[in-house]
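Each remark here refers to the structure printed beneath this line.
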Amino acid sequence: MGAGGRMSSPSSIKKSDSDHLKRVPSAKPPFTLGELKKAIPPHCFHRSVLRSFSYVVYDLTLASIFYYIATTYFQNLPSLLFYPAWALYWAAQGCVLTGVWVLAHECGHHAFSDYQWLDDTVGLILHSFLMVPYFSWKYSHRRHHSNTGSLERDEVFVPKKKSALKWYSPYLNNPLGRVLTLTITLVLGWPLYLAFNVSGRPYDRFACHYDPYGPIYTDRERLQIFISDAGLLAVSYGLYRLVLAKGLAWVVCVYGVPLLIVNGFLVLITYLQHTHPALPHYDSSEWDWLRGALATVDRDYGILNKVFHNITDTHVAHHLVSTMPHYHAMEATKAIKPILGEYYHFDGTPFVKAMWREAKECIYVEPDAGEKTKGVFWYNNKF
């Protein structure tokens, strides 16, 4: 959707579960980042303002059409169709707005255009509309890309060592516990991360994405955190006025529920990109940037790959060259796969099945017993 001319999924060959779970190499790769970049066609690094804006216009047009249909025609539906129609609207609008979220994410990486001011302006507007503190997230997300796979310095979905697990963790390692954990993670995970740094790296004091003076940010970044907060306050005031004019139920149905779906997909996509039994994590004795960047996996979300602008199935390439626009990422992925070899990991497991498997298998990380290299950690679930 909104991605004409892209190729099909990076892996057209069906693989068994055992192939998907085969560990990727954790040794230093026999290639460099420079060699990978040379393999990518030069035009893939070109950022087109017109093309980037075409995706924004396309997504917002779809969202507007869905809004118009829901607010104009649903009230005339018989009761038998009224509630299914709203459920369909929530799902469709949530998916399209997740695509809008991805485009704002692109702005945060300076992959939208050659103009930083334009990227930040578009990103601030789009992310604020989705209740995301644009600059706050931009800076913490940049550090995630700088420290991916590091147990000490990564910023999001940092796995715990077995010794750091809470006392109740073994009691959640069952189907009911996984349902509870996944529900809380998908519904509340994003706001909890922004407000309380849940699942983020530990800091020496309270860390919050809304706090300009928090430990996440440097002195040079604090003014822009205020701007992010101002954007959220402006949107919040607009929602307040809408509630007064249309009622709380109307705002929840039209905006609130789709936003919950956006937040859920955001958490799920990020979780599955960086959580997999085949992926290593590293402590400071072994970590380096390239191995960390390769400690991610491309996934298959079916038609949603296009709706989400291929952030799902080109994430490896994105971590290697984050300033490359999404509409070139499929071609870049195809170009670097022969060089990456076994260091490239794609898992075509349906995302719902993969979510359940990872919640079951990826409880904590620890080094392999008997291995000389103690700085490489793998997921485990044995208590």
Under the side chain to side chain contact (heavy atoms under 4.5 Å, CB included) criterion, do Leu259 and Leu97 qualify, and how do the steps go? CA-CA 8 Å; Leu259 186 64; Leu97 292 180; over 6 Å; no
Kindly determine whether Phe53 and Phe112 satisfy ring pair (Phe, Tyr, Trp, His ring centres under 6.0 Å), including the steps that lead there. CA-CA 8 Å; Phe53 265 114; Phe112 188 84; 5.1 Å; yes
Non-hydrogen side-chain atoms of [X] and [Y] separated by less than 4.5 Å:
X      : Y      : result
Tyr67  : Val254 : yes
His127 : Val100 : no
Leu266 : Tyr193 : no
Leu21  : Arg357 : yes
Phe129 : Ile125 : no
His145 : Trp289 : no
Met355 : Leu186 : yes
Val252 : Val257 : yes

Start with the C-alpha distance between Asp368 and Arg23, add both sets of side-chain angles, then the distance that settles salt bridge (charged side-chain N to carboxylate O under 4.0 Å, His left out), and finish with yes or no. CA-CA 12 Å; Asp368 281 342; Arg23 288 179 173 180; 2.4 Å; yes
Report the residue from Asp300, Asn310, Asp298, Thr314 that forms a side chain to side chain donor-acceptor pair (under 3.5 Å) with Asn305.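 Of Asp300, Asn310, Asp298, Thr314, side chain to side chain donor-acceptor pair (under 3.5 Å) with Asn305 is met by Asp300 alone.
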Option passing side chain to side chain donor-acceptor pair (under 3.5 Å) with His109 (candidates Arg142, His141, His326):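 Result for side chain to side chain donor-acceptor pair (under 3.5 Å) with His109: His141.
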[Y] reachable from [X] in the ILVMFWY side-chain graph, under 4.5 Å edges:
X      : Y      : value
Ile40  : Phe346 : yes
Tyr255 : Val262 : yes
Trp378 : Phe383 : no
Leu232 : Leu192 : no
Tyr343 : Leu290 : yes

Do Lys161 and Asp283 meet the salt-bridge criterion of a basic N to acidic O distance under 4.0 Å? no
Under 4.0 Å between a side-chain nitrogen and a carboxylate oxygen: does that hold for Lys138 and Asp120? yes
[X] versus [Y], closest heavy-atom pair with distance:
X      : Y      : answer
His319 : Ala293 : CB-O, 3.7 Å
Asp59  : Gly99  : OD2-C, 3.5 Å
Thr333 : Ala317 : OG1-CB, 3.5 Å
Ser284 : Glu152 : N-OE1, 3.2 Å
Cys253 : Tyr89  : O-CE2, 3.6 Å
Tyr379 : Cys362 : CD2-CB, 3.4 Å

Proximity of Trp86 and Tyr83 rings by center, below 6.0 Å: no
Crowding at [atom1], [X] (>12 non-hydrogen neighbours, <6.0 Å):
X      : atom1 : value
Lys38  : NZ    : no
Phe82  : CZ    : yes
Leu244 : CG    : yes
Glu342 : CD    : no
Lys162 : NZ    : yes
Tyr240 : OH    : no
Tyr73  : OH    : no
Tyr115 : OH    : no

Would you say the side chains of Asp154 and Thr148 form a donor-acceptor pair under 3.5 Å?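 Short answer, no.
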Are Tyr364 and Ser163 close enough that a side-chain donor and a side-chain acceptor fall under 3.5 Å?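 Per modelled atom types, Tyr364 and Ser163 side chains form no pair under 3.5 Å.
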Would you please test Gln273 and Ile311 for side chain to side chain contact (heavy atoms under 4.5 Å, CB included) and show each step? CA-CA 10 Å; Gln273 285 167 341; Ile311 196 174; 4.1 Å; yes
dist His144:NE2 -> Ser150:OG (nearest 0.5 Å) comes out at 11.5 Å
Residue of the set Phe157, Trp356, Phe351, Trp190 for which ring pair (Phe, Tyr, Trp, His ring centres under 6.0 Å) holds with Tyr271: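 Result: among Phe157, Trp356, Phe351, Trp190, Phe157 is the only option passing the ring pair (Phe, Tyr, Trp, His ring centres under 6.0 Å) with Tyr271.
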Name the residue from His43, His309, His318, His46 that meets the ring pair (Phe, Tyr, Trp, His ring centres under 6.0 Å) definition with His328.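 Filter result, single survivor: His43.
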Given the rule in the side chain to side chain contact (heavy atoms under 4.5 Å, CB included) test, do Ser228 and Tyr210 qualify, once you have shown the distances and angles that lead to the verdict? CA-CA 8 Å; Ser228 295; Tyr210 306 111; over 6 Å; no
Side-chain (Gln93) to main-chain (Ala63) donor-acceptor, under 3.5 angstrom: yes
Do we get Arg201 above Tyr203's six-membered ring, with its NZ or CZ under 6.0 Å from the centre and within 45° of the axis?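 Output yes; distance and angle both within limits.
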Starting from the C-alpha separation in whole Å, work towards a yes-or-no answer on side chain to side chain contact (heavy atoms under 4.5 Å, CB included) for Arg143 and Arg153. CA-CA 8 Å; Arg143 294 185 181 95; Arg153 298 187 304 276; over 6 Å; no
